[in-house]
**Student:** 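Next up is a structure, given as structure tokens.
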Amino acid sequence: MANAPVDKNNRIPPDVLVLISEEAARHYKMIPLALSGNVLDVGLVDPDDVKAQEALNFLASRNGLAARVFKISEDEWSKLIKQYAGLGEEVGEALEGLRSELAQEKEKVGISEALKGEKQQNAPIIRMVETILKHGVSSKASDIHIEPNMNKLRVRFRLDGSLQTVVVLPVEIAPAIVSRIKILSNLQIDETRRPQDGRFTAKVGEKEIDLRVAVLPTARGEKVALRILDPTIGLKTLPELGIIGRNLEVVERGIKKPFGMILMTGPTGSGKSTTIYGILQILNTDMVNIVSLEDPVEYYVDGVNQSQIRAELGYTFANGLRQILRQDPNIIVVGEMRDSETAGLAVQSALTGHLVLSTLHTNNAIGVIPRLIDMGVEPFLLPSALNVALAQRLVKRLCPDCKKEVEPPEEIKKIIFSVVESMSEKMRPKISAKGGKIFKAQGCPKCNNKGTKGRIAVFEILEMTPQLEKIIITEPTESKILEESQRQGMTTMLQDGISKVLEGLIGFEELIQVVNISNEESAK
């Protein structure tokens with residue numbers, strides 16, 4: 001077997017190390033070494049151990065990876081296993097401190113009692129939560145999940161869209177961790193039967209980080225999801241988000257109109273709010289009054305009057321929209337159209353001289369119009385109310401430092417050529433008759449050997465036109481709207497994604513994970 005792929009200092013990237021838990025690594029005497037594209041290199045003391053091989057294949061496939069095995073000696077494994085430090089080691093030290101304190105007290109105290117003494121800044125639970133937050137921020141995670149199971153408390157980070165387990169703790173301390181986060185978020189500690197939402201700001205290193213908190217009761221205890229909102233990252237411009245070419249022209253035309261709706265659509269976590277914030281950067285001037293209704297407020301933007309929805313107090317999107325219309329707004333942001341009342345009010349606002357930005361849950365841009373009609377909006381109102389409908393998905397961006405141009409297999413070439421041929425001439429990238437080359441990233445220290453670094457969106461953007469107005473009034477079916485979208489040269493998410501594949505922004509494998517090629521091909 002070849003030598004194990006570790007650097008001269010035997011360092012394993014943290015993002016690779018978390019792909020196999022320390023518990024599994026110790027039990028099967030294995031260690032993850034490096035990640036090259038979708039191949040995970042793993043060192044095994046006994047490569048002939050069938051149970052170890054089965055466990056490895058399961059762990060790798062769960063992360064969408066293939067495993068490549070290298071034989072390592074017992075001594076090498078013993079040295080490498082020590083790298084399960086960082087988060088696990090710091091949390092482990094805090095856990096030992098907690099156990100010592102409880103042993104001294106002769107009986108376990110309730111977690112809320114243990115946490116009331118904020119004066120003890122080095123209390124084990126406080127240190128544990130601080131350590132989890134610190135590592136979440138330093139690893140550039142977008143979310144932290146703290147989940148109680150039957151016999152363990154699992155902590156996972158979402159890194160570039162994928163969840164990875166980073167540490168496993170005793171389930172007995174779950175109430176303590178949750179109560180500490182509730183205290184920070186100013187939530188009710190003694191309320192464990194219903195969901196709660198909150199937020200808090202924490203200083204992590206030199207950064208002030210905003211954290212959005214959602215607590216959910218489950219059969220095993222309360223689960224916590226923390227969204228990390230790092231203001232130092234900064235809001236992105238539309239081209240940085242991936243809106244370019246014809247798509248950018250359509251959006252700019254839409255936001256230059258004095259009134260009307262611009263609707264973003266896509267599943268949860270597809271970047272809709274980020275796109276709204278990107279548009280607000282263009283619209284946010286001293287000459288206009290911008291008022292937003294958000295649930296929750298993700299990023300604070302200077303110059304925008306942001307209002308937090310409080311459904312438990314009766315302050316819903318519909319009620320809030322009625323109120324902010326009395327604030328003399330030019331531009332209104334409605335976080336989400338969840339019901340027919342909110343949709344109707346938003347349409348009326350768009351028809352009475354306001355520019356309205358909002359989000360909607362549909363699969364694609366052409367589904368926006370049927371969805372609004374299903375929500376009770378009269379079809380004859382839509383041509384004047386709707387300016388632009390956008391659909392989007394987030395795709396992992398290839399690492400710019402280690403990506404390389406490669407020749408794709410024939411099957412992929414055919415798909416690329418077919419998709420490019422279906423695009424409008426204005427948006428069609430130049431490729432040879434046999435299809436273009438694509439890019440792959442092998443992994444490097446700058447991307448922790450993942451091959452990807454950050455994410456970018458793929459879009460499809462539908463514009464209101466006179467032809468579309470006639471369709472909405474006479475026969476607003478998805479098939480008719482699709483025909484009009486093709487006539488106006490709309491780029492589908494697949495087409496936009498293939499263009500970004502050919503530019504080397506994303507990989508073909510990353511694209512097909514979020515865009516269903518078979519569905520889009522059959523729709524053409």
**Student:** Atom CZ of Arg455 and atom NZ of Lys396: how far apart are they, to the nearest 0.5 Å?
**Tutor:** 8.5 Å
**Student:** Which residue is it: Asn364, Thr275, Thr274? I am looking for the one with a side chain to side chain donor-acceptor pair (under 3.5 Å) to Gln392.
**Tutor:** Thr275
**Student:** Closer than 4.0 angstrom, basic N to acidic O: yes or no for Glu510 and Lys500?
**Tutor:** no
**Student:** What is the minimum heavy-atom distance between Leu394 and Ala457, and which atoms define it?
**Tutor:** CD2-CB, 3.9 Å
**Student:** Could you tell me the separation between the CZ atom of Arg158 and the NE2 atom of His145, rounded to the nearest 0.5 Å?
**Tutor:** 5.0 Å
**Student:** Taking Glu478 first and then Lys480, would you say they form a salt bridge - that is, a charged N and a carboxylate O separated by under 4.0 Å?
**Tutor:** no
**Student:** May I ask you to check whether over 12 heavy atoms, not counting those of Asp401, lie within 6.0 Å of atom CG?
**Tutor:** yes
**Student:** Gly320 and Leu293: which non-hydrogen atoms are nearest, and at how many Å?
**Tutor:** C-CD1, 3.4 Å
**Student:** So which heavy atom on Leu357 is nearest to which on Leu283, and how close?
**Tutor:** CD1-CD1, 4.3 Å
**Student:** Assess the side chains of Glu336 and Ser358: does a donor N or O sit below 3.5 Å from an acceptor N or O?
**Tutor:** no
**Student:** Atom CG of Asp496 and atom CD of Glu460: how far apart are they, to the nearest 0.5 Å?
**Tutor:** 9.5 Å
**Student:** Rounded to the nearest 0.5 Å, what separation is found between the CD1 atom of Ile228 and the OG atom of Ser142?
**Tutor:** 7.5 Å
**Student:** Which heavy atom in Lys272 sits nearest to a heavy atom in Met264, and how many Å separate them?
**Tutor:** CD-O, 3.8 Å
**Student:** Where is the tightest heavy-atom contact between Tyr277 and Gln306, given as atom of each residue plus distance?
**Tutor:** OH-NE2, 3.9 Å
**Student:** Ignoring hydrogens and angles, state whether a donor on the side chain of Glu294 or Ser307 is under 3.5 Å from an acceptor on the partner side chain.
**Tutor:** no
**Student:** Check this for me: does any side-chain nitrogen of one of Arg487 and Glu484 sit under 4.0 Å from a carboxylate oxygen of the other?
**Tutor:** yes
**Student:** To the nearest 0.5 Å, how far apart are CZ in Arg371 and CG in Leu263?
**Tutor:** 12.0 Å
**Student:** Hey, could you give me the CG/CD1 distance between Leu133 and Ile181, rounded to the nearest 0.5 Å?
**Tutor:** 7.0 Å
**Student:** Which pair of heavy atoms, one from Val356 and one from Ser349, lies closest together, and at what distance?
**Tutor:** CG2-CB, 4.0 Å
**Student:** Check this for me: does any side-chain nitrogen of one of Asp143 and Arg212 sit under 4.0 Å from a carboxylate oxygen of the other?
**Tutor:** no
